[in-house]
Number of protein chains: 2
Amino acid sequence: MSLRFALLGFLSTTPASGYTLGRKFADGAGAMWEALPSQIYLELQRLEDLGLIEGETAKDDKLRRRVYRITKRGREELKIWVESESDERQRERDAERVRFLFLDRSGLPAIRRHVERHRLHYEQQLERWNRHRDDIADGTQERLVDRLADCPPRERDFVTAMKWFAFDGLVRRARMETGWAEDILTWLDTCGSKEEVATLPFEPRRRETNRRKATGIDAAPPKRRSQAR
Amino acid sequence: MSLRFALLGFLSTTPASGYTLGRKFADGAGAMWEALPSQIYLELQRLEDLGLIEGETAKDDKLRRRVYRITKRGREELKIWVESESDERQRERDAERVRFLFLDRSGLPAIRRHVERHRLHYEQQLERWNRHRDDIADGTQERLVDRLADCPPRERDFVTAMKWFAFDGLVRRARMETGWAEDILTWLDTCGSKEEVATLPFEPRRRETNRRKATGIDAAPPKRRSQAR
DNA sequence: CTGCCCATGTAAATCGTTACATGATTAC
DNA sequence: GTAATCATGTAACGATTTACATGGGCAG
């Protein structure tokens with residue numbers, strides 16, 4: 001369903017062909033819901049069948065491009081979906097974090113490589129979405145320009161701020177992932193080997209419940225300093 | 001593929017039946033890759049066909065429970081998957097953020113409701129994963145206890161720290177989402193209506209390139225204060 | 001005229017969700 | 001004895017990926 005409305009949302013600001021969507025989508029709603037061209041073409045056909053968009057191929061266009069524009073019903077359905085408050089959230093799906101979770105049986109170099117790749121990936125994401133967010137603040141972002149065109153002038157600041165916040169979410173996500181990776185790498189640096197762990201990332205708590213039975217005696221004062229916040 | 005290895009990873013520390021996985025999975029790898037029981041049962045059958053796990057139903061068990069345990073080949077394949085470094089990352093898929101992106105055409109109350117629900121959801125997540133992370137630090141987390149059981153004692157701190165970091169990622173994610181929502185709500189409070197935007201979340205940059213043609217004259221000093229960091 | 005990008009698709013396979021079925025056990 | 005929970009599944013559908021097909025335009 002979400003791809004359906006991501007495409008519909010994109011088309012709510014500007015008409016576009018499937019190919020154009022395949023490329024420009026990535027900088028708009030496609031940043032939050034990525035899809036391959038093959039799926040986009042299928043979904044556009046379905047949206048047209050549903051009457052939420054209308055496609056038109058110019059007779060003189062040798063490349064038989066089909067340009068879609070949103071219909072009145074499309075705008076209505078989009079609004080309904082966007083404002084709907086269902087309690088079902090998407091299921092969490094994070095393959096990289098699953099990998100990390102079971103990486104503790106691997107060697108230090110393999111762990112380090114994984115975390116370094118993670119950091120690099122999100123550093124690039126951070127740069128990308130930072131730039132994108134700035135383009136919104138500048139008013140140079142293409143889709144924002146289209147959106148502001150048919151928007152009451154008095155509401156322009158509001159719309160701009162909303163779009164800015166949307167991409168700010170991606171910036172924050174990237175920043176939090178780089179920070180996470182950074183803290184792990186810093187901690188890994190303090191480990192000579194898996195047997196030589198100099199610091200723990202957390203304040204030791206009632207660890208002795210593990211070794212002896214629980215005694216009701218409080219934990220000894222921490223011997224190691226915490227590191228990650 | 002990821003569900004396959006999330007299940008395999010779970011079974012790498014302790015044998016379990018499909019039903020047990022359906023419930024306990026959620027606190028382990030299932031936190032990063034959620035799945036419904038119907039899919040778990042299917043995937044377990046496939047894993048058994050592949051010879052990565054072995055299932056056994058006790059003859060005297062009236063409930064014909066099938067308990068699966070990982071095989072040697074399963075451990076090998078798990079390690080290969082975990083350490084594999086392919087450049088293909090999972091596609092981004094965030095329906096809530098797509099919703100927010102197109103919420104700018106809705107009224108302030110609808111926007112506020114959406115963001116408040118977002119905040120509430122991640123506050124609950126934050127609480128949940130904070131507790132989980134603490135259980136790991138305490139050594140009381142069930143799966144960690146199993147994992148440490150067949151682990152050289154000298155490596156226990158290392159493994160504990162790795163598991164802690166894994167769930168620390170979820171804690172940070174939840175914290176960043178609540179922070180994002182909080183900042184949007186604070187900003188919304190400053191807006192009397194869509195036409196009365198008192199503050200912008202960013203430092204105004206070269207906004208005038210939008211209204212007049214680019215002149216080469218530098219931007220006027222900002223008239224509004226930034227708010228979100 | 002050859003290779004590459006434009007532009008749109010289709011087919012098959014896999015992954016994931018929804019709805020339903022079944023029988024056994026446990027708590028009241 | 002009856003309702004809830006235990007425990008395992010199956011069938012149908014929808015979403016997504018992978019691989020391939022096609023035909024026009026354009027640069028060398």
Side-chain angles (χ1 to χ4, degrees), chain A residues 1-8 11 15-26 29-30 32-50 53-68 81 86-95 98, chain B residues 1-8 11 15-26 29-30 32-50 53-68 81 86-95 98:
Chain A
M1 285 253 102
S2 301
L3 174 60
R4 168 129 64 229
F5 291 103
L7 291 169
L8 196 55
L11 293 173
S17 67
Y19 187 76
T20 308
L21 274 165
R23 283 174 309 137
K24 298 214 174 156
F25 189 54
M32 289 126 188
W33 198 278
E34 297 175 335
L36 298 168
S38 64
Q39 203 189 352
I40 291 174
Y41 286 114
L42 283 170
E43 200 57 49
L44 286 171
Q45 289 168 13
R46 232 169 301 167
L47 275 164
E48 188 167 16
D49 291 344
L50 290 167
I53 61 175
E54 280 170 350
E56 200 190 341
T57 311
K59 283 167 284 294
D60 59 330
D61 187 357
K62 305 288 175 63
L63 286 174
R64 74 248 150 85
R65 268 172 301 214
R66 193 158 183 79
V67 174
Y68 296 96
W81 180 77
S86 85
D87 274 339
E88 317 144 22
R89 299 222 146 220
Q90 219 179 311
R91 284 176 229 294
E92 184 72 28
R93 241 151 236 171
D94 190 334
V98 173
Chain B
M1 282 256 101
S2 301
L3 173 61
R4 169 128 64 229
F5 290 102
L7 291 170
L8 196 56
L11 293 174
S17 67
Y19 187 76
T20 309
L21 274 165
R23 284 174 310 136
K24 299 214 176 156
F25 189 53
M32 289 125 189
W33 198 277
E34 298 174 336
L36 297 167
S38 64
Q39 205 189 350
I40 291 174
Y41 285 115
L42 284 169
E43 200 57 51
L44 286 171
Q45 288 168 13
R46 232 168 303 165
L47 274 165
E48 188 167 17
D49 291 343
L50 290 167
I53 60 176
E54 280 169 350
E56 200 190 340
T57 311
K59 284 166 284 292
D60 59 331
D61 186 357
K62 305 289 175 63
L63 286 174
R64 75 248 150 85
R65 268 174 300 216
R66 193 158 183 79
V67 174
Y68 295 96
W81 179 78
S86 86
D87 274 338
E88 319 144 22
R89 298 224 146 219
Q90 218 179 311
R91 284 176 229 294
E92 185 71 29
R93 231 141 248 182
D94 190 334
V98 173

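First the proteins, then the strands, lettered A, B, ... as listed; each starts at 1.
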Original post:
Taking CG from B/Leu7 and C1' from C/dC15, how many angstroms apart are they, rounded to a whole number?
Top reply: 13 Å
Original post:
If you look at every strand shown and take non-hydrogen atoms under 4.0 Å, does A/Gln45 touch a base, only sugar-phosphate, or nothing?
Top reply: sugar-phosphate
**OP:** Take the protein atom CD of B/Glu43 and the nucleotide atom C1' of C/dG16, then report the distance between them rounded to whole Å.
**Re:** 11 Å
Original post:
So does B/Arg66 get a side-chain nitrogen or oxygen closer than 4.0 Å to the phosphate oxygens (OP1/OP2) of D/dG9?
Top reply: no
Original post:
Between B/Leu44 (CG) and D/dT8 (P), how many Å, whole number?
Top reply: 9 Å
**OP:** Compare side-chain N and O positions of B/Arg93 against OP1 and OP2 of D/dT17 and report whether any pair is under 4.0 Å apart.
**Re:** yes
Subject >> Polar side-chain atom of B/Glu43 near backbone of B/Leu7 as donor-acceptor pair, under 3.5 Å >> reply: no
Original post:
Of all the choices, D/dA15, C/dG16, D/dT8, which nucleotide is nearest to the side chain of B/Ser17 once you look at every atom?
Top reply: D/dT8
**OP:** Report yes or no: does B/Gln39 contribute a side-chain atom to a donor-acceptor pair with the main-chain N or O of B/Leu3 at less than 3.5 Å?
**Re:** no
Original post:
Whole Å only: how far is the OH atom of A/Tyr41 from the C1' atom of C/dA11?
Top reply: 17 Å
Original post:
If you pin B/Pro37 and A/Leu42 to their nearest nucleotides in DNA chain D, which one's is more 5'?
Top reply: B/Pro37
Original post:
A/Glu92 side chain to B/Glu34 main-chain N or O, any donor-acceptor pair under 3.5 Å?
Top reply: no
**OP:** May I have the distance from A/Arg46 (atom CZ) to D/dC13 (atom P), rounded to whole angstrom?
**Re:** 15 Å
**OP:** Kindly say whether, by distance alone, the side chain of B/Ser38 makes a donor-acceptor pair under 3.5 Å with the base of C/dT18?
**Re:** yes
Original post:
Can you check whether B/Trp33's main-chain N or O pairs, donor with acceptor, with A/Arg91's side chain at less than 3.5 Å?
Top reply: no
**OP:** Respond yes when some side-chain nitrogen or oxygen of B/Gln39 is under 4.0 Å from OP1 or OP2 of C/dT17, and no when none is.
**Re:** yes
Original post:
Closer than 4.0 Å, any side-chain N/O of B/Tyr19 to the OP1 or OP2 of D/dT8?
Top reply: no
Subject >> Atom-pair distance (CG on A/Leu47; P on D/dA15), nearest Å >> reply: 11 Å
Original post:
Given atom OH of B/Tyr68 and atom P of D/dA7, what is their separation to the nearest angstrom?
Top reply: 14 Å
Original post:
Just checking A/Arg64: base, sugar-phosphate only, or nothing, at a heavy-atom cut-off of under 4.0 Å?
Top reply: base
Original post:
Does A/Trp33 put a side-chain nitrogen or oxygen below 4.0 Å from OP1 or OP2 of D/dT16?
Top reply: yes
Subject >> Atom-pair distance (CD on B/Glu92; P on D/dT17), nearest Å >> reply: 13 Å
Original post:
How long is the span from the CG atom in B/Leu36 to the OH atom in B/Tyr41, to the nearest 0.5 Å?
Top reply: 12.0 Å
